[in-house]
Amino acid sequence: MPELPEVEVTRRRLEPLLIRRQIASLRTTGDSYFFLTKPATLRRGLLGRSIVGLSRRGKYLLAELDDGKRLMLHLGMTGQLFSQSATSVRLLSASQRSSLRPEEQLRFEPDKHTHICLSFEDGGPEVYFRDVRKFGKVRLLRRGQSDPRLDRLGLDALEAPAEALFQRTRKRKAAIKNLLLDQSVIAGVGNIYADEALFLAGVRPTRHASRLTRNSCEALMASLRSVLLRSIETGGSSISDFIAPDGADGDYQDERWVYARAGKPCLRCKTPIRRTTLSQRTSHFCPRCQR
DNA sequence: ATCTGTCCCTGGACGC
DNA sequence: TGCGTCCAGGGACAGA
């Protein structure tokens with residue numbers, strides 16, 4: 001489940017694999033709602049172009065092309081952007097894994113979930129966008145064109161001042177966890193890091209947003225920031241599908257305090273971690289540390 | 001304006 | 001072994 005840290009790790013490691021390489025061909029799967037821009041249009045727009053910069057806004061990646069167009073990418077739940085040179089058993093299906101001999105070179109072959117294959121004039125490694133559940137998105141933006149999804153985004157979670165969160169929580173009856181997940185409030189936070197930050201700030205996910213004090217908002221934003229930065233440092237969380245563009249797994253999952261630890265003892269006070277559902281999304285918290 | 005529920009999708013886990 | 005059922009969740013959308 002790629003959130004800000006996974007997207008940022010992807011950005012950092014993908015940029016050098018993409019930059020200033022002229023696109024020679026683009027193979028795609030058939031049209032689906034994954035493609036906000038139809039595959040044929042995408043192909044026309046990308047052929048012969050090269051990417052000159054890769055930036056991130058919330059969970060979106062924006063690749064700037066040498067003709068001023070921009071490619072907007074979202075990893076959704078199971079999206080993976082990686083190089084052909086990436087070797088990771090995570091990229092293999094279960095059957096491929098079981099038949100793999102130890103001495104065999106791990107090698108990914110584009111499959112039905114590999115929606116975009118980019119090859120380059122330099123003949124070097126291809127770059128793939130794979131997404132099993134197709135919750136990801138790709139759209140080609142004309143020069144100067146934006147997308148409502150981007151326009152709606154709030155301040156990036158790494159840059160938003162606590163005061164911004166505090167103001168947005170006023171008069172909001174919804175649970176604070178729901179506000180954290182709302183990309184128009186703070187951009188980039190998903191289920192894992194919302195739970196982690198709430199734990200570190202000692203705030204229960206179900207707490208009404210309007211009941212948070214300015215101090216709580218400051219503690220929450222500070223926790224969020226430290227959790228996100230730490231995760232980027234450790235290469236993100238490889239809990240389900242995430243791999244970095246170079247094939248590396250992230251290590252942040254080993255540092256989790258509460259996420260997906262229901263029933264296990266709180267690492268601070270030993271109280272069993274509880275799990276609850278908020279707006280169809282699971283939340284994990286320590287009933288003792290988080291009031 | 002705000003909030004909640006439904007839907008998109010697929011693979012893996014689980015029970016029988 | 002195999003089948004059915006449930007679950008994971010980011011975000012768009014509809015309706016309350």
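Residue numbering restarts at 1 for every chain, and letters A, B, ... go by the order of the sequence lines.
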**Q.** Member of A:K59, A:R56, A:R225 meeting the salt bridge (Lys or Arg N to Asp or Glu O under 4.0 Å) criterion with A:D156
**A.** A:R56
Q. Hey, is the side chain of A:H113 poking within less than 4.0 Å of OP1 or OP2 on B:dG11, counting only N and O atoms?
A. yes
Q) Looking at A:F120, does the NZ or CZ of A:R21 lie under 6.0 angstrom from its six-membered ring centre and within 45 degrees of the ring axis? A) yes
Q | No-hydrogen, no-angle side-chain donor-acceptor test under 3.5 Å, A:S237 and A:Y259 | A | no
Q: Spell out protein contact along nucleotides 9-16 of chain C as letters: B when the base is contacted, S when just the sugar-phosphate is, - when no protein heavy atom is under 4.0 Å; keep the 5' to 3' order.
A: BBBS----
Q: Figure out the CG/C1' separation between A:D182 and B:dT4, and round it to whole Å.
A: 13 Å
Q.
Measuring to OP1 and OP2 of B:dT4, would you say a side-chain N or O of A:N178 lies under 4.0 angstrom away?
A. yes
Q.
Without decimals, in angstroms, what is the distance between A:R130 CZ and B:dC9 P?
A. 18 Å
**Q.** For atom NZ of A:K112 and atom C1' of B:dT10, their distance in whole Å
**A.** 8 Å
Q: Decide yes or no for A:T41 and A:L140: does some side-chain heavy atom of the first lie under 4.5 Å from some side-chain heavy atom of the second?
A: no
Q: In whole angstrom, give the distance that lies between atom CG of A:L278 and atom C1' of B:dT4.
A: 12 Å
Q) Quick one: which of A:R139, A:R152, A:R142 gives a salt bridge (Lys or Arg N to Asp or Glu O under 4.0 Å) with A:D147? A) A:R139
(Q) Considering every strand and a 4.0 Å limit on heavy-atom distances, what is the contact class for A:K173: base, sugar-phosphate, or nothing? (A) sugar-phosphate
Q) Pick the nucleotide of DNA chain B nearest each of A:A175 and A:K134; which residue has the one closer to the 5' end? A) A:A175
Q. Relative to each other, are the rings of A:F199 and A:W257 parallel, tilted or perpendicular (30° and 60° limits)?
A. parallel
Q. NE2 of A:H208 versus P of B:dT2: gap in Å, rounded?
A. 16 Å
